[in-house]
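Encoded as structure tokens, the structure appears first; notes follow it.
Proteins come first, then strands; the chains are lettered A, B, ... in the order of their sequence lines, and each starts at number 1.
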Amino acid sequence: MDIGLAVEIVLNGLLLGGIYSFMALGLSLIFGVSGILNITHGEFLMFGGLASYLVFTSLRINPFLLMVIIPPIFLAIGFLFEILFVRPISARPHHALLVSSILVTFGLALIFEDVTAFLGGGVPKGIAFSVPPIIIANIRMSSIRLIALVTVTALVGMLWVYLKKTYIGKASRAIIQDREGAILMGVNISKISMITFGIGTALAAMSGIFFAMLLSVYSAMGLPLTLICLCIIILGGVGNIVGTLISGIMVGIFEVLVGFTWGLSWSPAVPILILILVLMVRPEGLFRRG
Amino acid sequence: MMKERVGWVIAIVLVAIIVGASAFYAGRATAPVEVVEVPPKPPREIIIGATLSMSGPFVGDVDPFDEMMSTFFEMINERGGLYVKEYGMRLPVKFIIYDDKSDLATSVKFYEKLITEDKADLLIGPYSSKITMGVGPVAEKYGKPIIWTEAQAPPVFAQGWKWAVGVLDPDPKSWGGNYFYYVVKPLIEEGKVKTIALVNEDIVHSVFVNKGAKMMAEEVGLEIVFEESFPTGAKDFSGLLPKLKAADADIVHFAACTPHSGTLFIKQAEEYGLKPKEFHVSEPVWGMIEPLGKDADYITGESYYAPGAYQGPLGDAGFIEELAERVGFKPEEWVWFGIHYPALQAAAAAIEMADSLKPEDLIKALKTLNVMTVSGPLSFDPETGKGSLKCVAVQVFDLKYRVISPPEVATGPHEFPTPA
């Protein structure tokens, strides 16, 4: 194989992986901190994409400005979501909480999906915006995908600083490491959980903006995306944001390699296959829990 | 005193009677009696049923068609209904439609309901070859006439249905014939085009379209330099694009049923910098081109509807305009309007032609029908039920479709190549 082509394929995988990591980052944070498996994560991504589409078509602003407009709205929606649907079940024991959260959020995901389809979100929508590809040494890269990768890497860095240096971040890590211990030390679980849900939801909506620009958004997209996100966060170690970034990129690269070598029909199986293979060797995932 | 009062009351009553009687007789003498003719109550309604992908992956192809069909029959009712020979009068149409969620099992369930519970006289088929093939046995089992719509894959007609006719011709060449024979062939002769790459969604209809494209490409002398399929639901084409770029084809032919597949493919190809001389997308539906905006310019594809080219009963410009206004859609933006609407025209024509609303009379009328529709003349093969409609080739500019072939209905020239 031509070396240029090989580099291009790996680069395509890297850029696809950037989108996967972006998608999964919020879910990883929420699952790690609150123990809630938020099946509506993909729906918030879809809502973020649809909201971006509506704002873009109404105001005709540069789509990158949406990164300033959309996340604060979804931060507030995340707070509200936590108060209305998560807090009532949050006092349950760990395993009951996990099962309850799956049932509650799965039901909500179905409702969100059907209501969105009813309101006209069943037709795929996208932001008609393109940027010329970047060409270096005859190797082409999608500019928007590169921006997505840079953004997610920067966000991982910011989240890392937030988790390591701020009180809320430290409290979040304390919850991830030992929930009961954190409660005994006076950490306000409800407050931390609400903030985490807000951040996670805002991250999902941000990745939705890239989805609307690069791909398209429609009502039925949420649940399959949540499934991919789950594979990525389990691979990366629950709550481990750096692990999420790396595992997302890994899935992206393998998916493109498999698609190139054996055809696109085999690509959808890649996240699940990697997950099965890794869990057989390392049941805790590739990286430590965050 | 008492006697005086009684006298007054009697006088007033008498005067009232006299005045009333005079007015009654005077009225009778001057105004003719108005006889209001109460139309006889229709003995029954004509019941027509259908399912449609009102949600699920196919909704982008047919989103306004449920309202379009309901409004079509509403407008017929406002004009007095459809004439039924059996009753010697026009009867109103009751149209029943269910959302099959783009799902075969759901569609089958609702067609059973339409036949057994709703007692439909005539059925309009669902969207897609895939769902239609599942619904076929239901119509056969109950002996109920059905008109297939967007179903063209040869297996749909292979069983030789007794109770079904389809508006489309399942010959693989009927899809892209106008493109390959009238658009591509002259380009080959001028030396502007030599190679083609074929990419298709792995779904019955797109496999069929791809098969036809391959046959015609070879026939007109194009070299096929790349061929690959992708699964329904594929979102990322990163693994495919480098191979496609290496193949360096003049035309990239993309056959897909799911509209957002086309959107994703073109968007990612643009992002990746893949620039063939022409992208040909077999189904450039509105749901596919709208998210692309200017990136959809110069894309060629197929459509059955050439606005204004053909009309037929219930297909004149005035009727279509009123329908479009009431539904709030632009027919020319929906590639499959040119299939679904002729099916409705055929249904109306067959009911008026049939001796009765009995299933055997309706299917007999359908199989001998020859009616002009908005997509050209339509008749059905009495043996196989195959229809006679054929695609026209279109090209997209500013999110509008330009008919480029056949020449007799073209609305503008084919512009080639796509500017770099």
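- For a residue to count as touching a neighbouring chain, one of its non-hydrogen atoms must lie under 4.5 Å from one of that chain's; by this rule Lys267(B) touches chain A with the side chain only.
- With a 6.0 Å radius and a threshold of 12 heavy atoms from other residues, nucleotides or ligands, Lys214(B) has its NZ atom at or below the threshold.
- Note: Leu264(B) leads Asp63(B), Leu264(B), Asp295(B) in heavy-atom pairs under 4.5 Å with chain A.
- Of the candidates Lys235(B), Glu271(B), Gln268(B), Glu271(B) is the only one forming a side chain to side chain contact (heavy atoms under 4.5 Å, CB included) with Leu214(A).
- Between chain A and the options Gly273(B), Gly293(B), Gly56(B), heavy-atom pairs under 4.5 Å are most frequent for Gly273(B).
- Proximity to chain A (any heavy atom under 4.5 Å) is restricted, for Glu270(B), to the backbone atoms N, CA, C and O.
- Looking at Tyr218(A), the atoms closer than 4.5 Å to chain B (heavy atoms on both sides) all sit in the side chain, from C-beta outward.
- Between Pro242(B) and Phe260(A), some side-chain heavy-atom pair lies under the 4.5 Å cut-off.
- Heavy atoms closer than 4.5 Å to chain B are found in both the backbone and the side chain of Ile144(A).
- Between the OG atom of Ser142(A) and the OH atom of Tyr272(B) there is a distance of 11.5 Å, given to the nearest 0.5 Å.
- Contacts of Phe237(B) with chain A are made by both backbone and side-chain atoms, with heavy-atom separations under 4.5 Å.
- Around CZ of Phe106(A), the count of heavy atoms belonging to other residues, nucleotides or ligands within 6.0 Å does not exceed 12.
- Between atom OG of residue Ser238(B) and atom CD1 of residue Ile9(A) there is a gap of 10.5 Å, rounded to the nearest 0.5 Å.
- Under a cut-off of 6.0 angstrom, the local environment of NZ in Lys330(B) is sparse, with at most 12 non-hydrogen atoms contributed by other residues, nucleotides or ligands.
- Pairing each heavy atom of Pro268(A) with each of Pro231(B), the nearest pair is CG-CG, 4.3 Å.
- Under a cut-off of 6.0 angstrom, the local environment of CZ in Phe254(A) is sparse, with at most 12 non-hydrogen atoms contributed by other residues, nucleotides or ligands.
- A salt bridge links Arg145(A) with Asp236(B); the closest basic N to acidic carboxylate O contact falls under 4.0 Å.
- In this structure, the portion of Leu292(B) lying under 4.5 Å from any heavy atom of chain A is its backbone and not its side chain.
- When the shell of 6.0 Å around NZ of Lys277(B) is examined, it contains more than 12 heavy atoms from other residues, nucleotides or ligands.
- Of the two parts of Ser267(A), neither the backbone nor the side chain holds a non-hydrogen atom closer than 4.5 Å to a non-hydrogen atom of chain B.
- By the 6.0 Å contact criterion, CZ on Phe118(A) is open, its count of non-hydrogen atoms from other residues, nucleotides or ligands being 12 or less.
- Sparse packing is recorded around NZ of Lys400(B), with 12 or fewer heavy atoms of other residues, nucleotides or ligands lying under 6.0 Å away.
- In this structure, chain B has heavy atoms under 4.5 Å from both the backbone and the side chain of Leu215(A).
- Listed options Ile19(A), Leu264(A), Leu257(A), Val258(A) were ranked by heavy-atom pairs under 4.5 angstrom with chain B; first place goes to Leu264(A).
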